[in-house]
Amino acid sequence: GEVVHRMLTATQYIAPLMANFDPSVSRNSTVRYFDNGTALVVQWDHVHLQDNYNLGSFTFQATLLSDGRIIFGYKEIPVAVTQISSINHPVKVGLSDAFVVVHRIQQIPNVRRRTIYEYHRVELQMSKITNLSAVEMIPLPTCLQFTSCGPCVTAQIGFNCSWCSKLQR
C-alpha cells in the first residue's frame, strides 16, 4: 500500500507472530476466522515463510474477546522465533497502537504532513513462543471504566484520575 499504510502497519498491530508468511506457497496453508459475537478467532494453519519454506509449517492463532482480553495460542512452531529472518519482513510478537495526525503546511498550499504517534507497544519475549504455548493479555483498568467518584479517585491504576461531576465520569 501507500507509505502511510506501511508506516501504520509498523505501529498498529495485533501480532501473535508477524513474519514473512505466505499462505500461497503451500496447498495445506489456510488462514481462517470465526466470530461468535463475544470472541473473534483468527488461525494461521500450516503457513510457511515465503523466504524459507524448508523451516516447516507454523500453526498459531489470536483470539480477541469482548471483555478486552487477547489470547495468542501456538500449536506448531518448528523453529525458534528468534531464528526467523527479518530481512524481508519484520518479525514481531505483541501489540501496538498508534494514530495519525495530518498537519497542513501553511507556506505550501495543498501539502500536508502526516505524523504517526504511537500510544503504547507490548512486545512479548520471542524465546517464550514455542509449540503448545499460549499467552493471555488482560487489559488494565482505565479512568473511563469508573462509574462513581469514590472508586475513581482512589484507584491505583497508574493514571492521575479525577472525577468530573458534570459528566458523571
Side-chain angles (χ1 to χ4, degrees), residues 1-21 31-45 47 58-86 89-104 112-169:
E2 64 175 273
V3 172
V4 172
H5 174 74
R6 279 185 261 132
M7 290 168 45
L8 281 175
T9 57
T11 56
Q12 288 184 312
Y13 56 83
I14 299 172
L17 180 52
M18 182 190 302
N20 196 22
F21 291 111
V31 179
R32 301 173 191 214
Y33 68 91
F34 175 77
D35 184 352
N36 67 6
T38 61
L40 168 68
V41 180
V42 180
Q43 179 163 311
W44 292 260
D45 203 12
V47 293
F58 293 72
T59 298
F60 55 94
Q61 64 181 214
T63 303
L64 310 179
L65 296 148
S66 60
D67 65 4
R69 289 179 298 137
I70 298 173
I71 301 169
F72 294 162
Y74 304 93
K75 184 177 179 185
E76 295 174 7
I77 306 297
V79 62
V81 175
T82 54
Q83 294 179 352
I84 298 173
S85 171
S86 60
H89 193 286
V91 178
K92 298 179 183 183
V93 178
L95 313 168
S96 182
D97 196 11
F99 64 96
V100 175
V101 174
V102 179
H103 304 278
R104 291 184 180 189
R112 293 181 175 93
R113 186 182 90 206
R114 293 179 175 108
T115 306
I116 297 176
Y117 294 95
E118 190 173 42
Y119 288 113
H120 189 66
R121 180 183 305 197
V122 176
E123 294 177 336
L124 301 178
Q125 242 183 327
M126 291 188 200
S127 62
K128 302 278 186 182
I129 307 307
T130 60
N131 288 335
L132 304 175
S133 64
V135 175
E136 180 181 24
M137 288 163 276
I138 301 169
L140 296 173
T142 66
C143 295
L144 294 176
Q145 292 173 296
F146 297 109
T147 57
S148 63
C149 178
C152 172
V153 297
T154 59
Q156 303 275 323
I157 63 172
F159 296 109
N160 185 16
C161 294
S162 60
W163 186 255
C164 178
S165 56
K166 188 170 186 168
L167 293 175
Q168 288 298 299
R169 61 179 178 154

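We number each residue from 1, following the sequence as shown.
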**Student:** Between NZ of K75 and CG of N131, what distance do you get to the nearest 0.5 Å?
**Tutor:**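 The CG atom of N131 is 10.5 Å from NZ of K75, to the nearest 0.5 Å.
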**Student:** So which atom in A19 and which in I84 form the shortest heavy-atom distance, rounded to 0.1 Å?
**Tutor:**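 Reported closest heavy-atom pair: CB-CG2, 4.1 Å.
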**Student:** Any donor and acceptor pair, going by atom type alone, linking the side chain of S133 with main-chain N or O of I129 inside 3.5 Å?
**Tutor:**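 No; zero donor-acceptor contacts below 3.5 Å.
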**Student:** For residues V81 and Y74, determine if any side-chain heavy atom of one lies less than 4.5 Å from a side-chain heavy atom of the other.
**Tutor:**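 No, too far: nothing below the 4.5 Å cut-off.
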**Student:** Please report the shortest heavy-atom distance between F34 and N36, naming the atom on each side.
**Tutor:**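 Scanning both residues completely, I find the closest heavy atoms to be CE2-CB, 3.6 Å.
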**Student:** In terms of the angle between their ring planes, are F21 and F58 parallel, tilted or perpendicular, with boundaries placed at 30° and 60°?
**Tutor:**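 Perpendicular.
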**Student:** What I'd like to find out is whether the side chain of I77 reaches to under 4.5 Å of the side chain of T130, using heavy atoms alone.
**Tutor:**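 A side-chain contact is absent here, since even the closest heavy-atom pair is not under 4.5 Å.
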**Student:** Does any part of the side chain of E118, heavy atoms only, come nearer than 4.5 Å to the side chain of S96, both counted from C-beta?
**Tutor:**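 When only atoms from C-beta onward are counted, E118 and S96 do touch, with a gap below 4.5 Å.
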**Student:** What's the separation between atom CD in E76 and atom CH2 in W44, rounded to the nearest 0.5 Å?
**Tutor:**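 If I round to the nearest 0.5 Å, the distance is 15.5 Å.
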**Student:** If you measure from OH on Y13 to NZ on K92, what distance do you get to the nearest 0.5 Å?
**Tutor:**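 Interatomic distance, Y13 OH to K92 NZ, rounded to 0.5 Å: 4.5 Å.
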**Student:** Considering all heavy atoms of both residues, which atom of T82 and which atom of M126 are nearest to each other, and what is their separation?
**Tutor:**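 Nearest pair, atom of T82 first, then M126: CG2-CB, 3.9 Å.
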**Student:** When the side chains of residues 61-72 are checked against the rest of the protein, which donor-acceptor pairs come out under 3.5 Å, sequence neighbours left out?
**Tutor:**
{"residue": "Q61", "atom": "NE2", "partner": "Q43", "partner atom": "OE1", "Å": "2.6"}
{"residue": "D67", "atom": "OD1", "partner": "R69", "partner atom": "N", "Å": "3.0"}
{"residue": "D67", "atom": "OD1", "partner": "R69", "partner atom": "NE", "Å": "3.2"}
{"residue": "D67", "atom": "OD2", "partner": "R69", "partner atom": "NE", "Å": "2.8"}
{"residue": "D67", "atom": "OD2", "partner": "R69", "partner atom": "NH2", "Å": "3.3"}
{"residue": "R69", "atom": "NH1", "partner": "E136", "partner atom": "OE2", "Å": "2.9"}

**Student:** When F146 is tested against each of V153, T154, I157 for side chain to side chain contact (heavy atoms under 4.5 Å, CB included), which residue passes?
**Tutor:**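 The single option meeting the side chain to side chain contact (heavy atoms under 4.5 Å, CB included) with F146 is I157.
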**Student:** What's the shortest heavy-atom distance between Q12 and D97, and which atoms?
**Tutor:**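 Where Q12 meets D97 most closely, the heavy atoms are NE2-OD1, 3.5 Å.
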**Student:** Looking only at heavy atoms, what is the nearest atom pair of A98 and T11, with distance?
**Tutor:**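 Of all heavy-atom pairs spanning A98 and T11, the closest is CB-OG1, 3.6 Å.
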